[in-house]
S.K.: 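Take a look at the following structure, please.
Position 1 is the first residue of the sequence; numbering continues from there. All figures in this text were calculated on a predicted structure; none of them were measured in a lab. All values below come from the heavy atoms of this structure, side chains included, with hydrogens, waters and symmetry mates left out.
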Amino acid sequence: MPLARFVVPLLLAGCLCSAQGTHTPAVRHTPPTSTASVTLATAPLLAPDACRGAFVTHRLDFTTGIRLREIGTYISNGSGVAANDLDNDGDIDLAFASVDGEGRILWNEGNLRFTSASLDDRFARGVAIVDVDADGWNDIVFTHRGLAGVSYWRNLGADDSQASSADHRPIFELSSLPGVDHYAYAMAWGDVDGDGDLDLVTGTYGAELKQHGIDPPEEDPKVGIVLYLQDEGVWTAQVLDRHAEALSVAILDLTGDGQSEIWVGNDFALDDKIWKYNANGWQRIFLFTQTSYNTMTTDWGDLTNDGKLTLFTTDMNPYDISPRTLAMWVPVINQLVPHHRADDVQIMANVLLERDSQGRWQNQATARGVDASGWSWDARFGDLDQDGYLDLYIVNGMIATDLFGHLHNSELVEENQAYRNRGDGSFDSAPQWQLGSTASGRGMIMADMDNDGDLDIVVNNLRGFAHVHENQLCSGASLQVDLAWSGSQNINAIGAQLALHTDKGVLRRDVRASGGYLSGDPVRVHFGFPAEARLDRLEIEWPDGEVSLVDAPLRNSLLKVTR
């Protein structure tokens with residue numbers, strides 16, 4: 001095994017300096033585990049500009065839905081947002097999808113300042129920022145409303161000859177993904193077949209397709225849940241199911257055997273579905289004893305730092321049952337009351353799934369305090385207060401003339417909900433964080449947008465300006481990690497599993513590029529922990545199963561690990 005090389009780049013302050021002194025983490029390889037040699041680059045994170053013990057909301061230069069005089073059902077579903085570094089400057093940029101106009105890139109200039117640039121991709125639903133062609137420049141991919149599929153904006157890189165930063169921006173070219181030709185509403189990216197490149201899973205939304213004359217949708221050859229396996233830039237499609245009301249698609253290991261499954265969250269009476277690969281190909285399996293009826297989003301994480309995965313889905317269930325709130329909800333719920341089959345596992349509520357002692361997934365949402373959060377769309381786990389435990393944020397609201405015509409502006413106005421993890425996987429409402437926006441959120445991501453170490457929140461609101469909620473809690477400490485896999489077609493190691501071993505417990509994260517409701521997660525991984533925690537080692541399990549160990553990583557730093 002070749003010796004690892006250690007690199008500390010001249011970033012930010014020109015050297016790696018902190019109150020602990022200059023520090024270079026070390027890589028070690030421990031047999032008999034198969035190991036991957038890596039190089040390291042560490043940069044300090046900035047100190048917070050302000051500490052208010054809460055989040056501060058800033059308006060972003062993007063809107064969607066304001067061009068529509070009336071918003072009806074399914075237009076009301078809005079669009080998503082994606083985050084990743086588009087110009088390789090170390091800052092996380094944003095890409096917004098628009099349900100009624102063109103998309104937009106927000107270039108991150110630092111200190112929560114952004115330069116806005118339009119992207120001629122119209123009527124989009126989902127968005128992801130992912131390096132599709134593995135050339136070192138992240139691309140942008142959209143899904144769309146109606147009778148449209150995936151659009152791929154290839155990042156051609158920046159012109160180094162240009163002097164100004166604006167002219168130095170990368171150029172995007174609308175390109176094709178040969179073989180990707182079905183309609184697409186939701187999507188997920190990952191190495192599904194384990195061959196080292198990125199594959200794509202898309203799902204259509206039948207209810208909306210009916211409004212475009214596709215009825216019944218399942219008889220159209222371009223609808224359904226579609227798996228696209230990539231082989232050197234050519235994509236082979238396999239339809240897993242013609243029936244689809246897909247609002248969220250996830251690629252993760254649900255069975256604990258080390259292989260990824262495909263999990264689709266469906267709206268309405270259509271069950272959520274899971275596919276697993278075996279000797280007979282992709283087969284549907286049944287794991288859950290309870291699911292959301294109208295599954296809007298899917299997310300997952302280790303809530304108690306014990307290595308056990310918890311799954312979460314959102315639905316419509318009011319967080320307040322006062323007479324005033326029920327008067328707003330009841331006329332609509334009377335139209336939407338589900339007609340359950342005798343064997344139906346669906347309920348109209350959020351669902352939090354955990355394995356019991358026999359390994360069966362059981363719903364713990366009510367017991368953990370997160371079953372009712374409103375008319376809920378996207379939800380994300382993230383350690384917002386950096387105490388070592390994953391918290392939860394959910395965006396809410398609904399605007400639809402044909403559903404809420406009895407309300408002012410046909411809008412159900414609700415507060416977004418923030419929940420603090422108590423440390424045992426149960427949650428308390430956290431109004432003190434001041435995250436109760438009423439701007440009708442849809443897509444949402446968590447990322448450190450100002451490089452001060454903690455997670456900020458970006459929301460694509462419907463019929464209003466997008467928001468970035470700046471984290472000014474100023475609690476705990478953090479480590480952020482970027483993975484780079486040189487020579488691989490999965491250059492950002494999507495699907496990698498990371499475990500940070502501390503004297504307070506083992507914190508686990510995974511690398512993603514898509515997820516939640518119509519949105520694209522950053523590949524940068526965030527670990528929060530108490531300020532006094534000791535960091536023993538970072539364990540990285542790469543998508544091919546090889547492992548790298550980094551001893552004593554430096555707190556409050558961004559660590560880039562290149563294999």
S.K.: Answer whether the closest heavy-atom distance between the side chains of Y183 and T143 falls below 4.5 Å.
M.R.: no
S.K.: Any luck finding a side-chain donor-acceptor pair between N490 and D191 under 3.5 Å?
M.R.: no
S.K.: Does the plane of the ring in H469 sit parallel, tilted or perpendicular to the ring in H467? Use 30° and 60° as the thresholds.
M.R.: perpendicular
S.K.: Using 30° and 60° as the class limits, which term best fits the ring planes of W329 and W375: parallel, tilted or perpendicular?
M.R.: tilted
S.K.: Does atom CD1 of I321 have more than 12 heavy-atom neighbours, drawn from other residues, nucleotides or ligands, at distances under 6.0 Å?
M.R.: no
S.K.: Distance-only, no hydrogens or angles: does the Q230 side chain make a donor-acceptor pair with backbone N or O of L198 under 3.5 Å?
M.R.: yes
S.K.: Is it the case that the side chain of Q346 and the backbone of T291 share a donor-acceptor pair, with hydrogens and angles ignored and the cut-off at 3.5 Å?
M.R.: no
S.K.: Check for me whether R104 meets the cation-pi criterion with F96, that is, NZ or CZ under 6.0 Å from the six-membered ring centre and within 45 degrees of the ring axis.
M.R.: no
S.K.: So how far is it from F288 CZ to Q362 CD, rounded to the nearest 0.5 Å?
M.R.: 11.5 Å
S.K.: I'd like to know if the side chain of N492 reaches the main chain of I494, judged simply by a donor and an acceptor atom lying under 3.5 Å from each other, with no hydrogens or angles considered.
M.R.: no
S.K.: Could you walk me through whether L209 and L147 pass the side-chain contact (heavy atoms from CB on, under 4.5 Å) check?
M.R.: CA-CA 7 Å; L209 292 177; L147 308 182; 3.7 Å; yes
S.K.: Could you check whether any side-chain N or O of D197 sits under 3.5 Å from a backbone N or O of Q489, counting only pairs where one atom can act as donor and the other as acceptor?
M.R.: no
S.K.: Under the salt bridge (Lys or Arg N to Asp or Glu O under 4.0 Å) rule, what do R524 and D448 come out as? Steps first, then yes or no, please.
M.R.: CA-CA 9 Å; R524 182 170 296 171; D448 181 7; over 6 Å; no
S.K.: State whether the side chain of Q259 and the backbone N or O of D253 hold a donor-acceptor pair below 3.5 Å, judged by distance alone.
M.R.: no
S.K.: Short question: side chain of N363, backbone of L352 - any donor-acceptor pair under 3.5 Å?
M.R.: yes
S.K.: Does a donor on one side chain and an acceptor on the other come within less than 3.5 Å for N396 and Y319?
M.R.: no
S.K.: Does a side chain donor of either N266 or E245 reach within less than 3.5 Å of an acceptor in the other side chain?
M.R.: no
S.K.: What's the verdict on salt bridge (Lys or Arg N to Asp or Glu O under 4.0 Å) for R341 and D271, showing C-alpha distance, side-chain angles and the deciding distance?
M.R.: CA-CA 11 Å; R341 309 181 310 269; D271 291 350; 3.1 Å; yes
S.K.: Rounded to the nearest 0.5 Å, what separation is found between the CG atom of D195 and the CG atom of D231?
M.R.: 7.0 Å
S.K.: Would D385 and R420 satisfy salt bridge (Lys or Arg N to Asp or Glu O under 4.0 Å), going step by step from the backbone distance to the final call?
M.R.: CA-CA 8 Å; D385 57 355; R420 182 179 182 273; 2.8 Å; yes
S.K.: Please determine whether a side-chain nitrogen of the Lys or Arg among K222 and D181 lies less than 4.0 Å from a carboxylate oxygen of the Asp or Glu.
M.R.: no
S.K.: How about R122 and D120: do any of their side-chain heavy atoms sit closer than 4.5 Å?
M.R.: yes
S.K.: Only one of D521, D456, D391 forms a salt bridge (charged side-chain N to carboxylate O under 4.0 Å, His left out) with R380, so which one is it?
M.R.: D521
S.K.: May I ask you to decide if P221's main-chain N or O and H182's side chain share a donor-acceptor pair within less than 3.5 Å?
M.R.: yes
S.K.: Can you tell if the side chain of F286 reaches within under 4.5 Å of the side chain of K273, non-hydrogen atoms only?
M.R.: no
S.K.: Hey, are the side chains of N460 and F62 touching, using non-hydrogen atoms and a 4.5 Å cut-off?
M.R.: yes
S.K.: Enter the distance from L455:CG to L390:CG here, rounded to the nearest 0.5 Å.
M.R.: 9.5 Å
S.K.: Run the salt bridge (Lys or Arg N to Asp or Glu O under 4.0 Å) check on K276 and D257 step by step: do they pass?
M.R.: CA-CA 11 Å; K276 182 175 184 60; D257 65 352; 2.5 Å; yes
S.K.: Compute whether any side-chain donor of one residue and acceptor of the other, for Y205 and D267, lie under 3.5 angstrom apart.
M.R.: yes
S.K.: For M316, does its backbone N or O pair with a side-chain atom of Y293 as donor and acceptor, under 3.5 Å?
M.R.: no
S.K.: Would you tabulate the side-chain donor-acceptor contacts of residues 436-447 under 3.5 Å, counting partners in other chains and residues two or more places apart, or write 'none'?
M.R.:
residue, atom, partner, partner atom, Å
S437, OG, A439, N, 3.2
S440, OG, R442, NH1, 2.9
S440, OG, R442, NH2, 3.3
R442, NE, S76, O, 2.8
R442, NH1, G397, O, 3.2
R442, NH1, S440, O, 3.3
R442, NH2, S76, O, 3.2

S.K.: For atom CZ of R59, decide whether the heavy atoms of other residues, nucleotides or ligands shown that lie under 6.0 angstrom number more than 12.
M.R.: no
S.K.: Should the heavy atoms of other residues, nucleotides or ligands under 6.0 Å from NE2 of H406 be counted, would the total exceed 12?
M.R.: yes
S.K.: Is there a donor in the side chain of S373 and an acceptor in the side chain of N350, or the other way round, less than 3.5 Å apart?
M.R.: yes
S.K.: State, yes or no, whether a side-chain contact exists between D139 and I129 at a heavy-atom distance under 4.5 Å.
M.R.: no
S.K.: Side-chain donor-acceptor pair under 3.5 Å between W153 and D121, yes or no?
M.R.: yes
S.K.: Should D424 and L303 count as side-chain neighbours, where that means a heavy-atom distance under 4.5 Å?
M.R.: no
S.K.: Do S98 and D100 have side-chain atoms, one donor and one acceptor, less than 3.5 Å apart?
M.R.: yes
S.K.: Have Y389 and D383 got a donor and an acceptor in their side chains that come within less than 3.5 Å?
M.R.: no
S.K.: If I take atom CG from residue L240 and atom CG from residue L227, how far apart are they, to the nearest 0.5 angstrom?
M.R.: 5.5 Å
S.K.: Any luck finding a side-chain donor-acceptor pair between N278 and Q283 under 3.5 Å?
M.R.: no
S.K.: Keeping T310 on the side-chain end and D302 on the backbone end, is there a donor-acceptor pair under 3.5 Å?
M.R.: no
S.K.: Does W189 have R512 sitting over its ring (NZ/CZ under 6.0 Å from centre, angle to axis within 45°)?
M.R.: no
S.K.: Side chains of S248 and T298 only: does a donor on one sit below 3.5 Å from an acceptor on the other?
M.R.: yes
S.K.: In terms of ring plane angle, is the pair W263 and W300 parallel, tilted or perpendicular, where the classes change at 30° and 60°?
M.R.: tilted
S.K.: Would you kindly check if the NZ (Lys) or CZ (Arg) of R145 is within the cone defined by 45 degrees around the ring axis of F123 and under 6.0 Å from the six-membered ring centre?
M.R.: yes
S.K.: Is it true that a side-chain atom of E411 and a backbone atom of M398 form a donor plus acceptor pair closer than 3.5 Å?
M.R.: no
S.K.: Less than 4.0 angstrom from a charged side-chain N to a carboxylate O is my criterion; do R242 and E219 meet it?
M.R.: no
S.K.: Can you tell if the side chain of I225 reaches within under 4.5 Å of the side chain of V201, non-hydrogen atoms only?
M.R.: yes
S.K.: May I ask you to test the V99-L462 pair for a side-chain heavy-atom distance under 4.5 Å?
M.R.: yes
S.K.: Taking atom CZ of R324 as the centre, does the number of heavy atoms from other residues, nucleotides or ligands within less than 6.0 Å exceed 12?
M.R.: no
